[in-house]
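To keep things clear, I will list the structure first and then write my remarks on it.
In this text, all values refer to a predicted model and were calculated from it rather than measured experimentally.
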Amino acid sequence: MRFILFDSVIAKECHLRKGWARHRGHGFQLFGWQILLTLASSAGLLLIIAFPLAGAWTLGWFNHPREHLLPLVLSGVLFLMLFSVCLLVLGLIYVMTKDFVVPQMALENLSAMEGWRRLWSWCKAEKGGYAGYIGMKIVLAIGAGVFLAIVSVIILIAFLIPIAGVWVIAALSGAIAGLTWNFFTITLAVFAGLIVLVISTFVVSFISVPATVFFPGYSIYFLAPRYAPLAAVLWPPPVAAVTQAPPPTEPPPWPPATN
């Protein structure tokens, strides 16, 4: 679906079946690469956790923790800092992959590793530009998140108030009619709650559509001047107008014959 979103932003149209048929192989390849990245990062995080614990256990800090309170606290702070840096790096890899590697895979049928090699050379050649992109995207993400959260809460409140009113009326009507909680009424209540949950999720997702489309568009328009195949798709050269030949003119009259 990441590749289908990429095509949809460029073409300004969404075709699920066509996009799935076109990018199914790319999607599975990206999924496999993400699984390998997750396994490798999980192994690295386990090592980060295991080595300090093993060192503290070997030094006997856990046997008498009060006597080694300062080194334990400092080690914990250092571990949290290192853990946060690792999570930040993993998040950065994920964002750069979906923003700059996915277009290469979609347009040139490259693998994720090939796309990352090229992206790494781009980043080394233009450190300031890509650092500014990441910084701007963080600012935009925070602003969009706050704005969407406020709008979502307002719309959900306006949406749930009438539903709550209907729920109260239904509960009072059932109590007046002598209904009690049994298997049927509990099943009906759970089913109604699931329907409300699905509708609420759809409403929140629908509200988030502009941001969902904006951020891929932002990355596409940032990358296009730096990546010729994407620029050619985004800004195709104008089709040369076919010039028509002027209509043939009538031949000049023959000069008068001379005797």
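- When all heavy atoms of Y218 and M136 are compared, the pair lying nearest together is OH-CG, 3.2 Å.
- No option in L197, V204, V198 other than L197 meets the side-chain contact (heavy atoms from CB on, under 4.5 Å) test with T201.
- In this structure, F222 is a member of the same hydrophobic cluster as L92, with clusters built from ILVMFWY side-chain heavy atoms closer than 4.5 Å.
- Here CG of L160 is found 10.0 Å from CD1 of I199. Values are rounded to the nearest 0.5 Å.
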**Prompt:** side-chain contact (heavy atoms from CB on, under 4.5 Å) between L16 and C14: does it pass, once the steps are laid out?
**Reply:** CA-CA 6 Å; L16 294 179; C14 183; 3.9 Å; yes
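- Salt bridge status for R118 with E108: present, with a side-chain N to carboxylate O gap under 4.0 Å.
- Contact record, A231 with A224: CB-O, 3.3 Å, taken as the closest heavy-atom pair.
- Counting heavy atoms of neighbouring residues, nucleotides and ligands inside a 6.0 Å radius, atom CZ of R24 does not exceed 12 of them.
- Shown here for A211 and P216, the closest heavy-atom pair between the two residues is O-CD, 4.4 Å.
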**Request:** For the pair K124 and Y130, evaluate side-chain contact (heavy atoms from CB on, under 4.5 Å) and give the outcome as yes or no after the intermediate values.
**Result:** CA-CA 9 Å; K124 289 191 295 184; Y130 285 93; over 6 Å; no
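- Placement of F191 and I163 within a single hydrophobic cluster is found when ILVMFWY residues are connected by side-chain heavy-atom separations under 4.5 Å, directly or transitively.
- For the residue pair H15/D7, the side-chain donor-acceptor check at 3.5 Å is not satisfied.
- Taking CD1 from I10 and OH from Y221, the interatomic distance works out to 8.5 Å, rounded to the nearest 0.5 Å.
- More than 12 heavy atoms of other residues, nucleotides or ligands lie within 6.0 Å of CZ in F214, so this atom counts as buried by the packing criterion.
- Closest of all the heavy-atom pairs between G217 and V9 is CA-CG1, 3.8 Å.
- To the nearest 0.5 angstrom, I4 atom CD1 is 11.0 Å from R22 atom CZ.
- Tracing side-chain contacts under 4.5 Å through hydrophobic residues (I, L, V, M, F, W, Y), one reaches I220 starting from L107; they form part of the same cluster.
- In terms of heavy atoms, L119 sits closest to V101 at CD2-CG2, 4.0 Å.
- Following chains of ILVMFWY side-chain contacts shorter than 4.5 Å, one can reach I138 starting from M96, so the two form part of one hydrophobic cluster.
- To the nearest 0.5 Å, atom CD of residue E126 and atom CH2 of residue W122 are 11.0 Å apart.
- The minimum heavy-atom distance between M113 and W33, with the atom names listed, is SD-NE1, 3.3 Å.
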**Message:** Run V190 and L194 through side-chain contact (heavy atoms from CB on, under 4.5 Å) and show every step you take.
**Reply:** CA-CA 6 Å; V190 170; L194 288 176; 4.3 Å; yes
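- When side chains are defined from C-beta on, K137 counts as touching D99, because their heavy atoms get closer than 4.5 Å.
- Two rings, from Y133 and F100, have their centers less than 6.0 Å apart.
- V95 and F6 are not part of a single hydrophobic cluster, where members link through side-chain heavy atoms under 4.5 Å apart.
- Within the model, atoms CG of L37 and CD of Q34 stand 7.5 Å from one another, a figure rounded to the nearest 0.5 Å.
- Classification of the H23-F3 ring pair by plane angle, with boundaries at 30° and 60°, yields parallel.
- In this structure, the separation between OG on S111 and CG on L30 is 11.0 Å, given to the nearest 0.5 Å.
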